[in-house]
Amino acid sequence: QACSHETYMDCPFYEQLAYVGDTRLEILTTYIMTPDDRLARSSIELFDFSRFQWELVAEHYPSRTPQLSATFSLIWISLVMDYAFWRDDEVFVKERMAGVRSTLEQFRLMLGPQGLLEQLPGWSFVDWALGWKGGNARTSSQGISSINNLFLVQALRQAALVEDALGENRLADRNRELAVELSERIVRLFWDEKRKLIADDIDHLYFSEHAQCLALLNGVLDNQKSMVCFESLCAEKNLSIASIYFSFYLLEVFRQWGRGDLICQKLEFWNKLVAQGLKTPVECPEPARSDCHGWGSHPLFHMVTSLCGIRPLSFGFKTIEIAPAPGPLRHLECRVPHPQGWISVDLHFATSGTCQGTISLPEKCLAYFRWRGKELILVCGENRPVNL
């Protein structure tokens, strides 16, 4: 709330600016807390308007001083995809797709001789990781970063999902084809067979949680490599560590693999903030500059979508997935806004591995409850008891 005014903002004391990467996490947190999405729509639209400066979305906007970030421009496509699935507003999404397509065309023009993004314009911020200069990912001598290219793969795949939902199958296929080509190039140049990880640079000098997260989340690796990469991500000690902001994507990976135990372990950082007397999340670990930074609120999103497992499966939230990953928790209860009403979940988990409880759904939706390899199709209204 302290970072939500005319726009979402990074912090209410310093820049007071709406940054794309920050805003994505703040919007997602809004989606699981309230059906009021006016600020989300306004922010997505304002970033779309900012393209007049470079044909790419500005890093922050509106702003007196323009600033360009290729990575944040790609993340704006994530904002459009998130809205398309969490809300039911086809007209608004269609209005944004001209900007999505234009942005991706600009990035196609940036591909270098190796078919990858190389020296990018502006500030390609990734995270405040320890040892990184200015929040930029480490690159090879040619300026090629696996992380920056993985962001493009993510944007292409997310845009394809929305294009498919809008009936633009040829555009969707075109995006997926480039995503596959980029994935093959990334694996060929950055996969380190010895460490079972994606390197940050072509010379395989640097490795990070960031590259593994984006590779695992976006289908870059085949099944075998994904398994060993996830194991290495969890076990490897010599990686650049995701800070508060990018840990959103790390928690997404833990959710992808059903590891609620790892999510709960990671959330201990936020519990310690409370113990320190903080009332709002910090920008980064000590020495922290901002003690009120909106992007640090994303654990609220993961409590609902990863631990409780409530997510949209299709455009307009018409299909719902409820796939809890409680980890050590024995009781989960939450209430989530849906375009047609509210989703309410009250689940109990036994040490024997069973799950039972009550799930209430709005009208006009299809929902799947998934628990430990089993699936139950839910009906609208109250489902009592749910027992798997």
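Numbers here are sequence positions counted from 1. Since the model is a prediction, treat every value here as computed from it, not as a measurement.
A side-chain donor-acceptor contact under 3.5 Å links D222 to the backbone of Q224. At least one donor-acceptor pair under 3.5 Å links the side chain of T280 to the backbone N or O of D291. With D127 contributing its side chain and S243 its backbone, the two residues share a donor-acceptor pair below 3.5 Å. H210 contributes no side-chain N or O that, together with a main-chain N or O of F207, makes up a donor-acceptor pair within less than 3.5 Å. Judged purely by atom type and a 3.5 angstrom limit, S73 has no side-chain atom pairing as donor or acceptor with the backbone of S69. Side chain of H338 to backbone of Q340: a donor-acceptor contact under 3.5 angstrom is found. Side chain of T103 to backbone of G99: a donor-acceptor contact under 3.5 angstrom is found. R157 places a side-chain N or O within donor-acceptor distance of the main-chain N or O of N218, the cut-off being under 3.5 Å. Put simply, the side chain of S50 gets close to the backbone of A58: a donor and an acceptor are under 3.5 Å apart. Looking only at distances, no side-chain donor or acceptor of S306 sits under 3.5 Å from a matching main-chain atom of R255.
Judged by distance alone, the side chains of W270 and E268 never bring a donor and an acceptor atom under 3.5 Å apart. For the 3.5 Å distance criterion, the side chains of R138 and S208 fail to qualify, holding no donor opposite an acceptor.
Annotation for L130: atom CG does not count as buried by contact number, only 12 or fewer foreign heavy atoms lying within 6.0 Å. In E6, the CD atom is not crowded: 12 or fewer heavy atoms of neighbouring residues, nucleotides or ligands sit closer than 6.0 Å. Within 6.0 Å of CD in Q276 there are more than 12 heavy atoms belonging to other residues, nucleotides or ligands. For CE of M110, the number of neighbouring non-hydrogen atoms (other residues, nucleotides, ligands) closer than 6.0 Å is greater than 12. Atom CZ of R108 has more than 12 neighbouring heavy atoms from other residues, nucleotides or ligands inside a 6.0 Å radius.
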Checklist entry - Could you go step by step and tell me if R101 and E163 meet the salt bridge (charged side-chain N to carboxylate O under 4.0 Å, His left out) rule? => result CA-CA 10 Å; R101 294 162 189 153; E163 297 284 17; 2.8 Å; yes
Next on the checklist: Between S360 and S344, is the side chain to side chain donor-acceptor pair (under 3.5 Å) condition met? List the steps.
Outcome noted: CA-CA 5 Å; S360 296; S344 297; 5.3 Å; no
Checklist entry - Can you list the steps and then say if L39 with S4 is a side chain to side chain contact (heavy atoms under 4.5 Å, CB included)? => result CA-CA 8 Å; L39 188 55; S4 303; 3.8 Å; yes
Next on the checklist: Using side chain to side chain donor-acceptor pair (under 3.5 Å), reason through T351 and R330 one step at a time and then give a plain yes or no.
Outcome noted: CA-CA 8 Å; T351 54; R330 292 288 168 256; 5.8 Å; no
Next on the checklist: I'd like to know whether W191 forms a side chain to side chain contact (heavy atoms under 4.5 Å, CB included) with I186, so could you lay out the CA-CA distance, the side-chain angles of the two residues, the decisive distance to 0.1 Å, and finally the verdict.
Outcome noted: CA-CA 7 Å; W191 176 255; I186 290 168; over 6 Å; no
Checklist entry - After noting the C-alpha distance and the side-chain angles of R185 and E181, does the key distance pass the salt bridge (charged side-chain N to carboxylate O under 4.0 Å, His left out) rule? => result CA-CA 6 Å; R185 294 166 194 159; E181 292 172 10; 3.4 Å; yes
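Between G296 and I244, the shortest heavy-atom contact is CA-CG2, 3.7 Å. For the pair E118 and P113, the tightest heavy-atom approach, listed with the atom from each and the gap, is OE2-CD, 3.2 Å. Between C264 and P328, the shortest heavy-atom contact is SG-CD, 3.8 Å.
The structure places CG of L150 at 9.0 Å from CG of N148, a figure rounded to the nearest 0.5 Å. How far CD of E105 is from CG of L56: 12.0 Å, rounded to the nearest 0.5 Å. Note that OG of S226 and CD of Q212 are 11.0 Å apart. Values are rounded to the nearest 0.5 Å. With rounding to the nearest 0.5 angstrom, the CG atom of L17 is 9.5 Å from the CG atom of D22. With values rounded to the nearest 0.5 angstrom, Y249 atom OH is found 10.0 Å from C213 atom SG. One distance of note links OG of S63 with CD of E15; it measures 10.0 Å at 0.5 Å rounding.
Ion pairing between a basic and an acidic side chain is recognised when a charged N comes within 4.0 Å of a carboxylate O; E231 and R195 show no such pairing. With respect to the salt-bridge test (charged N to carboxylate O, under 4.0 angstrom), the residues D36 and R38 qualify. The pair D48-R96 counts as a salt bridge, with a side-chain nitrogen and a carboxylate oxygen less than 4.0 angstrom apart. We find that D261 and R259 are joined by a salt bridge, their nearest charged nitrogen and carboxylate oxygen being less than 4.0 Å apart. Ion pairing of E283 with R289 is present here, as a side-chain N (NZ or NE/NH1/NH2) and a carboxylate O approach within less than 4.0 Å. A salt bridge does not link E236 with K196: every distance from a Lys NZ or Arg NE/NH1/NH2 to an Asp or Glu carboxylate oxygen is 4.0 Å or more. D173 has no carboxylate O lying under 4.0 Å from a charged side-chain N of R170, or vice versa, which leaves the two without a salt bridge. No salt bridge links K237 with E209; every basic N to acidic carboxylate O contact stays at or beyond 4.0 Å. By the 4.0 Å N-to-carboxylate-O rule, D37 lies close enough to R87 to be salt-bridged with it.
No side-chain heavy atom of W86 sits less than 4.5 Å from a side-chain heavy atom of P339. Between Q154 and L74 there is no side-chain heavy-atom pair separated by less than 4.5 Å. Side-chain atoms of V80 and I44, non-hydrogen and from C-beta on, do get closer than 4.5 Å to each other. Side-chain contact between I322 and C308 is absent, with no heavy atoms from C-beta onward closer than 4.5 Å. Contact annotation: the side chain of L347 never approaches that of H331 to less than 4.5 Å [non-hydrogen atoms, C-beta and beyond]. Between M33 and V304 the shortest side-chain heavy-atom distance does not fall below 4.5 Å. Between V379 and L361, the closest side-chain pair of non-hydrogen atoms is not below 4.5 Å. Using a 4.5 Å cut-off on side-chain heavy atoms (C-beta onward), V57 and F72 make no contact.
Note on residues 40-67: pairs passing ring-ring contact (aromatic ring centres under 6.0 Å, His included), not counting sequence neighbours, are Y19-H60.
Not less than 6.0 angstrom separates the ring centroid of F317 from the ring centroid of F85. Remark: aromatic rings of F248 and H302 are close, center separation under 6.0 Å. For F246 and W128, the ring centers sit 6.0 Å or farther from each other.
There is a path of hydrophobic side-chain contacts, each under 4.5 Å, that joins L233 to L262. By the criterion of side-chain heavy atoms lying less than 4.5 angstrom apart, applied directly or through intervening Ile, Leu, Val, Met, Phe, Trp or Tyr residues, M303 is grouped together with W257 in one hydrophobic cluster.
F230 and F254 have perpendicular rings, their planes meeting at more than 60° on a 0 to 90° scale where under 30° would count as parallel. Between W371 and F349, the ring-plane angle classifies as tilted under the 30° and 60° cut-offs.
Think of Y368 as one node in a network of Ile, Leu, Val, Met, Phe, Trp and Tyr side chains linked at under 4.5 Å; its network also takes in L313, L366, I377.
In this structure, R41 forms no cation-pi arrangement with Y83, as its terminal cationic atom is not both closer than 6.0 Å to the ring centre and no more than 45° off the ring axis.
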